[in-house]
Amino acid sequence: MSDERKYRWVGTRPIRHDGVDKVTGRANFGADFSLPGMLHGKVLRSPHAHARIVSIDVAPALALEGVKVAITGADMPDIASEMGTAGEGQVDYAEVSRNVMAREKALYDGHPVAAVAATTSEIAEEALSRIVVEYEVLPHVLTVDEAMAPGAPILHDHLRTAGLDPVPDEPTNVAQRIEIGRGDLAAGFAEADEIVEHEFTTQMVHQGYIEPHAVVARSGEDDQSVVWCCTQGPFTVRAMCAKLLGLDVSKIKVIPSEIGGGFGGKTTVYVEPLAVLLSRKAGRPVKIVMSRQEVFRGSGPASGTRIRVKLGAKADGRLTAAEAWLAYEAGAFKGSPVVAGAMCMFAPYAVENVKIEGYDVVVNKPKVNAYRAPGAPPAAFAAESALDELARKLGMDPVELRLVNAVKEGSQAIYGPKFRAIGMVETLQAAREHPHLKAKLGPNQGRGIATGFWFNAGMQSSASVSLNEDGTATVVSGCPDIGGSRTSLALMAAEELGIDVQKVRPVVADTETIGYNDATGGSRVTFATGMAVIESARDVVRQLRERAASIWGVELEQVEWNDGQALPINGADEGELEPLSIGTLARRAARTGGPISASTSLTARGAGPSFATHICDVEVDPETGVVQVVRYTAIQDAGKAVHPGYVEGQYQGGAAQGIGWALNEEYVYDEKGVLQNPGFLDYRMPVASDLPMIDTVIVEVPNPTHPYGVRGVGETPIIPPLAAVANAVRDATGVRFGDLPMSPPTVLARLDAR
Amino acid sequence: MESMHYESPATVAEAVRLLSDAPPGSARVLAGGTDLLVQMRIGRIDPALIVDVKRIPETRGVAVRDGALVIGASLETMTLRRAPDLEKNFPGLAEAAALIGSDQIQGRASLGGNLCNASPAADTVPALIVLGAQAEIAGPEGTRRVPVAEFVTGPGSTVLGRGEFLVSLHVPLPAPRSADAYLRLIPRTEMDIAVVGSAVSVTLDAGGTCTAARVVLGAVAPTAIEVPEAAAALIGSTLDDAALGRAGQAATAACNPINDMRGTVEYRRKVAAVLTRRAAAKAAERAAGRN
Amino acid sequence: MGRIHVRTRINGEATEFLCDPRQTLLDALRDELQLTGTKEGCTTGDCGACSVTLDGLLVCSCLVLAAETEGHDVGTIEGMAQGETLHPLQQKFLEHAALQCGVCTPGFLVAAKALLDREPDPSEKQVRYALAGNLCRCTGYDKIIRAVLDAAAELRGDTR
């Protein structure tokens, strides 16, 4: 259905509605908001990776003129364990509480231990230096290897490994063991003509959004608090602030600012509950802006991992068995995305005999949070690198090997369901036909390909469409716009209403203005919130037809909505009835039944998975180990690209982040467990001169469950690059790099050992 | 909180007076501030007095005088790079200056600041040393000249005494058939601190034989280090591959680096050879083109 | 030392403000003058979000003391559009979808304008190196580079 539809607005590239504000500096981001009488809050953070907090004395800080209030873990209510949503995943509010403010132990370098609010940020900073904390430093663990070793220092005495039967009664750092699989693994390997087996490690990395977390909280004597902050999930912030402080959800209103990047990292709370608590105690508004150093030390990066993969295949390339073992760093509290990693890693392939074992491991580092396709990039790095080796062993073209095994409509996904229409084969075919794959390589250059899969999320959305009295429209959603989704929503409303997209004003509302919305995340806004917008707009169109029918004195079925006007049909067109435009109907709304608007709240099902194939060329300096990406192509199924410019932007941005993950980004800790590179100088994200143009191909295999065929596109693009780059380096040098990042010293050491 | 004083004197004498009157260790000279302000921000230093020297004309210009290019110590590299006398005479120094940070940093950072910050990884210091540059220092006793090679005494420390500050750098104009080159290794293409830097200057005779050379490495020891053994490997040769290789080996042997998150000892030693070889070849090619 | 009285010009307009001796130009712009278009991303000169011009030279305002601007000209993103007319760079950023979250955008625009003011016909490589001091985590830079090259062509009057 959807592929045959002709679109007027969907698929065009209008200028985004918030664009002029953003190119002129007018757009207000998290730190741009201030209130009269506002205090400035600062957070004191543990300098130790693991330490018992023997005592905290805030009195010297409070004695400083201008310091109004100080809080520690003792001021945070003790709350019972209770699971809630954050981004695409589940979190235990009791652990969120302990992450935003340490109690008896500090569990990582950067873990908050106290906070103050003062009349200026300089005084607040000075106050921090006067707080006296007595620590008893404990031995720490930084990697899954250290944390899983026998006799390892234990982070949480109460933690037991879930997923084992019976649950053992030993303290452990392994929070969970999971296993997924099917078929007969031994038989699968026995059947194989070739087997490859490799081990991989990746380091903790950060989302690297340019805007640090920022919040202003104002609380009143009536117990109500208003929170302005940059977040992907205003409703999540509301829920968490309420839960952590023991308040009713209705007591807290969250007003999201413009958001300067998130990539999953702004789907939980850090300083927000502290600002609310400080403002309640001080009786004045409190603003907290994290420094870049605090963002690196005290927000939620992505897991470092160790992964083993074993693949078996017939001589013709058909996979007979796939086995994997994954251990992911969760950070200081349980909840790494190892499950998603396990589910994704072989999802692009139809292999019958599979066993994947995963471990969620706590370590003395910041609690990880979602980062774009959380869990999938390291797992796909391992799987796609192993596939590349398999292709070499089989003497097969890597695209052909993947095509032979690619899942298609009707294939049973390794993680459970049967796929509906999907674009895995189509992205591979597009790669095969792309000129990039045929281009000649220069000296010291190599080429790699890799694929990626992400589920995409639906979840809960609410949106409303209101017709204004002049025939323009307002679209209200509750999902912060992180990369142009406001305009995508406007495009869908324009499509349904039949009016110019610039006549539609899309708005991101606060938590009291629109029904509940899950966070912007999971590549779900254009898909799920888009469905709520389309439903609302269709409701508005039905109302418009009703008004026309009543004006004309005909039945609803005799009114068709076409291109922004009501037309008489089914017999009504035999008379003298003139079409009624949306403007006319809007102006006459008062006399025909009142304002015209509709709102929709839904749980969106059927988010179509998105598959991608990336092609990467690198040049490796054999004498220095420097790897330069010289050409890159990202091919991905979008279902239907609503705004192709921003779809391409997602592909390019995800690819760039993946390239950074592959080449130079990593958290570096010293032997004491202190983060050595909490800044953009030594946490090396790609700069403009590091990258080539990133070519994109938008494949469109419509998602059958969406009215326009839309699939989420935001997350999949970060999955293939890690292996695409590694496979290209393998091609250029003959060396398989299983350990990321492939920074120059690492690369040169391996090249020299050839 | 201690309050900080900011002063921006217009003359050398006034600056010297301000610096001399301040209690020892309490005053800092501000040129571009790209290191100083970061150190203040992270709490590494907490000066009671900042003396901004950018209003002092002697620290600002760039001109050829008495057979040398005189570069004001506080002149930002973005302006310096546009001086026609720089690129023409000292392409290696020009490329080192162009490598200090982003365009934003170049809008502030100066050669004087790069030198006085006394980081072992400073890009322009090796490039200045191979050119035999001198530092002109003003102080309570008047002015004095110190070779740049002797200016930095350790990480973060210099020969500057109480009340003294760096006014200008004097780079002797090159002899015929002489040229310089500077290369550094960073993990990315921009925005990083040098993991290894290598500056080379060479002079050729009419037949293409190297008659003089200097080789200085950055980021492989507590200060920039001159490697006379590498220069000796070049002198007397036609800068053929064998000679370049020997110079590289000498560079590796001279390294005394540390392991840190930017590079390992082993990596720095290897790359010192590679960069020295490449820089020497580049300098030789430039020198051959100058008759 | 108390607060310093600074007389400067911001976007061509004579401006006076009071600042703490330690206060950076970035903080003075945002906190004293409410010019919040200049963004803070790192305060160490590594991200370029706070880019402004000082006497026409591109700088990170987080690495300039506010007191240093006495008698100098400061240019910020707020001064780039002329009344209701966007600068061609601003227009091209919109047309090319060269921003996603938009927080780095003011810094990129100020830096790109500084580049085109001194080099009207830059190569792709020149643009990439000139903008290497501005971090963008959303776009992978592709559309930003294209927007700058396109704006440069328009400013030169190229019709190609």
Side-chain angles (χ1 to χ4, degrees), chain A residues 13 15-16 18-29 31-34 122 207-212 258-263 289 291-293 481-484 632 643 645-646 648-657 659 679-681 685-696, chain C residues 20 22-23 27 30-31 34-49 76-78 80-81 86-87 89-91 93-107 109 124-125 127-146:
Chain A
R13 300 174 182 240
I15 285 175
R16 61 195 282 166
D18 52 325
V20 171
D21 278 355
K22 285 184 175 162
V23 297
T24 53
R26 274 198 296 273
N28 288 314
F29 289 84
D32 297 340
F33 190 75
S34 294
E122 291 73 23
Q207 297 86 353
Y209 34 82
I210 306 301
E211 178 201 35
E258 294 297 334
I259 174 169
F263 315 105
V289 180
S291 69
R292 177 56 52 186
Q293 192 191 54
D481 175 0
I482 205 157
Y632 203 94
H643 190 306
Y646 289 102
E648 291 161 1
Q650 290 296 319
Y651 294 4
Q652 291 162 337
Q657 285 183 317
I659 290 167
F680 285 140
L681 178 63
M685 310 197 315
V687 300
S689 48
D690 291 337
L691 296 173
M693 290 298 187
I694 297 171
D695 204 359
T696 57
Chain C
D20 182 89
R22 291 168 203 266
Q23 199 168 13
D27 287 345
R30 292 179 55 84
D31 300 339
Q34 283 73 51
L35 291 171
T36 56
T38 304
K39 304 301 179 189
E40 175 181 314
C42 69
T43 71
T44 49
D46 296 308
C47 81
T76 73
I77 185 63
E78 286 89 350
M80 189 176 273
L86 294 179
H87 186 279
L89 274 163
Q90 294 171 309
Q91 186 62 34
F93 266 56
L94 294 177
E95 289 172 10
H96 284 266
L99 54 144
Q100 283 178 33
C101 81
V103 80
C104 70
T105 308
L109 286 165
E124 180 195 330
K125 189 175 174 186
V127 176
R128 287 189 179 276
Y129 275 86
L131 297 180
N134 294 79
L135 287 175
C136 169
R137 193 61 158 172
C138 293
T139 64
Y141 304 105
D142 182 297
K143 293 182 187 299
I144 292 174
I145 305 300
R146 289 179 200 277

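In the text below, chain A, chain B and the rest are named by the order of the sequence lines, each starting its count at 1.
Listed options C:E124, C:K125, C:E78 were ranked by heavy-atom pairs under 4.5 angstrom with chain A; first place goes to C:E124. Contacts with chain C were tallied for A:S34, A:G653, A:S291, A:A31; A:G653 has the most, counting heavy-atom pairs under 4.5 Å. Taking chain C as the reference chain and counting heavy-atom pairs below 4.5 Å, the highest number among A:A656, A:G645, A:G262 is found for A:G645. Looking only at heavy-atom pairs under 4.5 Å with chain C, the residue among A:Q657, A:E648, A:H643 that has the most is A:Q657. No other option in A:Q207, A:Q652, A:R26, A:Q650 has as many heavy-atom pairs under 4.5 Å with chain C as A:Q652.
Here the shortest heavy-atom pairing between A:F680 and C:G41 reads CE1-O, 3.9 Å. Heavy-atom minimum distance, C:A132 versus A:S689: CB-OG, 3.6 Å. Listed here is the closest heavy atom pair of C:I77 and A:V23: CD1-O, 3.4 Å. Here the closest heavy-atom approach between residue A:A688 and residue C:I145 is recorded as CB-CD1, 4.4 Å. Listed here is the closest heavy atom pair of C:E40 and A:P212: O-CD, 3.5 Å.
For A:T24, the parts lying under 4.5 angstrom from a heavy atom of chain C are both the backbone and the side chain. If you measure heavy-atom distances from A:R16 to chain C, the contacts under 4.5 Å come from the side chain alone. For A:I259, the part lying near chain C is the backbone, with the side chain staying farther off; criterion is any non-hydrogen pair under 4.5 Å. Contacts of C:Y129 with chain A are made by both backbone and side-chain atoms, with heavy-atom separations under 4.5 Å. Heavy-atom distances place both the backbone and the side chain of C:L94 under 4.5 Å from chain A. At a 4.5 Å heavy-atom cutoff, the contact between C:L99 and chain A is made by backbone and side-chain atoms alike. For C:T139, the part lying near chain A is the backbone, with the side chain staying farther off; criterion is any non-hydrogen pair under 4.5 Å. The contact between A:F263 and chain C is made entirely by side chain atoms (from C-beta outward), counting heavy-atom distances below 4.5 Å. Neither the backbone nor the side chain of A:E258 has a heavy atom closer than 4.5 Å to any heavy atom of chain C. Contacts between A:A27 and chain C at a heavy-atom distance below 4.5 Å involve the backbone alone (N, CA, C, O).
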Take C:L135 and A:M685 through the test side chain to side chain contact (heavy atoms under 4.5 Å, CB included) and record every step on the way to the result. CA-CA 8 Å; C:L135 287 175; A:M685 310 197 315; 3.9 Å; yes
Evaluate side chain to side chain contact (heavy atoms under 4.5 Å, CB included) for C:Q91 paired with A:I15, printing each intermediate quantity in order. CA-CA 9 Å; C:Q91 186 62 34; A:I15 285 175; 3.7 Å; yes
In sequence, state the C-alpha distance, the side-chain angles, and the governing distance for C:R30 and A:D32, and then conclude on salt bridge (charged side-chain N to carboxylate O under 4.0 Å, His left out). CA-CA 8 Å; C:R30 292 179 55 84; A:D32 297 340; 2.7 Å; yes
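Remark: C:D46 CG to A:L681 CG distance equals 5.0 Å, nearest 0.5 Å. Atom-to-atom distance recorded for A:F33:CZ and C:T36:OG1 is 11.5 Å, nearest 0.5 angstrom. Rounded to the nearest 0.5 Å, atoms SG (C:C42) and CD (A:Q293) are 12.0 Å apart. To the nearest 0.5 angstrom, C:H96 atom NE2 is 10.5 Å from A:R13 atom CZ. Note that SG of C:C138 and OH of A:Y209 are 12.5 Å apart. Values are rounded to the nearest 0.5 Å. Residue A:M693 holds its CE atom at 4.0 Å from CZ of C:R146, rounded to the nearest 0.5 Å.
Considering only residues two or more places apart in sequence or on other chains, A:T696 meets the side chain to side chain donor-acceptor pair (under 3.5 Å) condition with none of them. C:Q34 pairs by the side chain to side chain donor-acceptor pair (under 3.5 Å) definition with nothing, not counting sequence neighbours.
Side chain of C:Y141 to main chain of A:D690: no donor-acceptor pair is present (N/O by atom type, distance under 3.5 Å, no hydrogens or angles).
Within the 4.5 Å cutoff, the side chain of A:L691 has heavy atoms near those of the C:R128 side chain.
Salt-bridge check for A:E122 with C:R22: failed, with every basic side-chain N at 4.0 Å or more from each acidic carboxylate O.
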